Amino acid sequence: MKTLAIEREFGSGGREIGRRVAGKAGIPFYDGELLIKEAERRGVSLDLLKEYDEKKTGSILYNIALLANYGQDMKQDRIYEMCERLQDTIRDLAMQGPAVFIGRCSTEILKGEKTVGAFLYCSDEKQRVARVVRTEKVSESEARKLMERRDRQRKDYFKFWAQKNWADRKNYDLELNTGTLSPEACEAILLQAIGYEK
């Protein structure tokens, strides 16, 4: 069985689908929060990033890119070292056996024959907005702003670290449209793609 690495639009349901795949296949699931906890367990200190995160909006890992770009006075070498160690954590976890990784350039970090890289998006904007309203407990207008901001952050992070366009289909083995495919259908396709057998 192969590892699954997912990049996704905010509000596409990619995290939930990844979690479903991991649960059905009986393999570990790692999203941003779990990756950070695992990296810290392995000795990667994220104090600087957490301090910066309180002053800026966005995820801790997105702020790595901001710090690296604009943090000339904030020990730029240390920023790159932290990011490299987070990437090493992803590689180490993947070497332990098949798993599901969500975001954080995992599709690029783990690119190869032992990993399936997928991009999940939602062509139905109403469905996407409704999902964000439900999961984030915000109004429709707030959901739209949140979708735009998070997608921009993911795009910028991917561009900075992978030197590629986040939404370019050539980066991935497959793309799934959660606007037309149900979570169950996406789960089944991804399970087949990674070689899961009942």
Side-chain angles (χ1 to χ4, degrees), residues 1-42 44 59 61-62 83-124 127-128 131-132 135 150-151 153-155 157-198:
M1 191 164 44
K2 296 182 179 181
T3 282
L4 174 63
I6 296 175
E7 291 290 341
R8 77 279 182 228
E9 283 183 336
F10 186 72
S12 67
R15 174 181 279 116
E16 294 77 18
I17 291 167
R19 189 175 279 125
R20 290 173 67 121
V21 170
K24 179 77 172 181
I27 58 178
F29 171 85
Y30 299 104
D31 64 1
E33 289 178 23
L34 291 172
L35 284 171
I36 288 168
K37 285 179 183 172
E38 182 63 24
E40 287 182 322
R41 191 182 72 75
R42 294 164 179 252
V44 178
S59 72
L61 292 177
Y62 171 69
C83 192
E84 285 174 14
R85 292 187 68 192
L86 283 168
Q87 291 176 4
D88 288 343
T89 298
I90 291 172
R91 289 186 195 97
D92 290 348
L93 291 169
M95 286 180 67
Q96 293 174 17
V100 174
F101 292 88
I102 304 293
R104 312 311 184 234
C105 291
S106 58
T107 54
E108 287 298 310
I109 294 165
L110 301 176
K111 195 174 272 290
E113 46 184 76
K114 292 186 178 181
T115 301
V116 173
F119 186 81
L120 275 63
Y121 68 100
C122 182
S123 63
D124 184 334
Q127 188 181 49
R128 193 174 166 208
R131 187 179 286 118
V132 174
T135 60
R150 293 281 177 86
D151 281 351
Q153 289 172 345
R154 290 172 182 178
K155 177 182 164 193
Y157 180 83
F158 199 87
K159 179 74 173 173
F160 187 87
W161 293 109
Q163 308 293 306
K164 292 183 178 180
N165 179 353
W166 170 68
D168 185 346
R169 65 179 51 152
K170 293 191 291 289
N171 297 330
Y172 308 102
D173 298 308
L174 61 105
E175 292 184 315
L176 298 178
N177 181 357
T178 62
T180 57
L181 294 169
S182 69
E184 293 80 13
C186 291
E187 176 189 344
I189 292 166
L190 292 170
L191 284 166
Q192 183 176 10
I194 64 173
Y196 169 74
E197 296 178 6
K198 294 180 184 179

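Given the structure is predicted, the values throughout are model-derived calculations rather than measurements.
- Looking at every heavy atom in both residues, C122 comes nearest to Q127 through SG-OE1, 3.5 Å.
- Counting heavy atoms from C-beta outward, R154 and E9 have side chains that stay 4.5 Å or more apart.
- The two residues A5 and T115 come nearest to each other via the heavy atoms CB-CG2, 3.9 Å.
- In plain terms, the two heavy atoms of A118 and L4 that are nearest each other are CB-CD1, 4.3 Å.
- Considering only heavy atoms from C-beta on, Q192 stays 4.5 Å or farther from I189 through its side chain.
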| said: The test is side chain to side chain contact (heavy atoms under 4.5 Å, CB included); show your working for N177 and Y121 and say whether it passes. | reply: CA-CA 5 Å; N177 181 357; Y121 68 100; 3.5 Å; yes
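- Y196 is not listed as a side-chain neighbour of I27, based on a closest heavy-atom distance of 4.5 Å or more.
- Between E16 and R19 there is no salt bridge, since none of the side-chain N atoms of the basic residue sits less than 4.0 Å from a carboxylate O of the acidic one.
- Here the straight-line distance linking atom SG of C105 with atom CZ of F158 works out to 5.0 Å at 0.5 Å rounding.
- Under the 4.5 Å side-chain criterion, counting only non-hydrogen atoms from C-beta, T178 is in contact with R131.
- Rounding to the nearest 0.5 angstrom, the gap separating the OG atom in S12 from the CG atom in L120 is 5.5 Å.
- Between I17 and L176, the closest side-chain pair of non-hydrogen atoms is not below 4.5 Å.
- Contact detail for T107 and G117: the closest heavy-atom pair is CG2-CA, 4.0 Å.
- N171 places a side-chain N or O within 3.5 Å of a backbone atom of N165 that can act as its donor or acceptor partner.
- Distance alone, capped at 3.5 Å, places no donor-acceptor pair between the R128 side chain and the G13 backbone.
- The distance from the CG atom of L174 to the CZ atom of R169 is 12.0 Å, given to the nearest 0.5 Å.
- Judged as a ring-ring contact (aromatic ring centres under 6.0 Å, His included), and not counting sequence neighbours, the contacts of F119 are W166, Y172.
- Atoms CD and CG, on E175 and D168 in that order, are 8.5 Å from each other to the nearest 0.5 Å.
- Here the side chains of T3 and K114 are not in contact, with every heavy-atom distance at 4.5 Å or above.
- Atoms CD and CZ, on Q153 and F10 in that order, are 9.5 Å from each other to the nearest 0.5 Å.
- Applying the 6.0 Å contact sphere to CD of E184 captures more than 12 heavy atoms from other residues, nucleotides or ligands.
- Distance check: S106 OG to I90 CD1 gives 6.0 Å after rounding to the nearest 0.5 Å.
- Shown here for G11 and V132, the closest heavy-atom pair between the two residues is CA-CG2, 3.6 Å.
- A salt bridge between K2 and D173 is absent, with no side-chain N of the basic residue lying under 4.0 Å from a carboxylate O of the acidic one.
- When all heavy atoms are compared, the tightest approach of G14 to I6 is O-CD1, 4.2 Å.
- In this structure, the side chains of F101 and I109 stay at 4.5 Å or more apart for every pair of heavy atoms.
- For the pair V21 and F29, the minimum side-chain heavy-atom distance is 4.5 Å or more.
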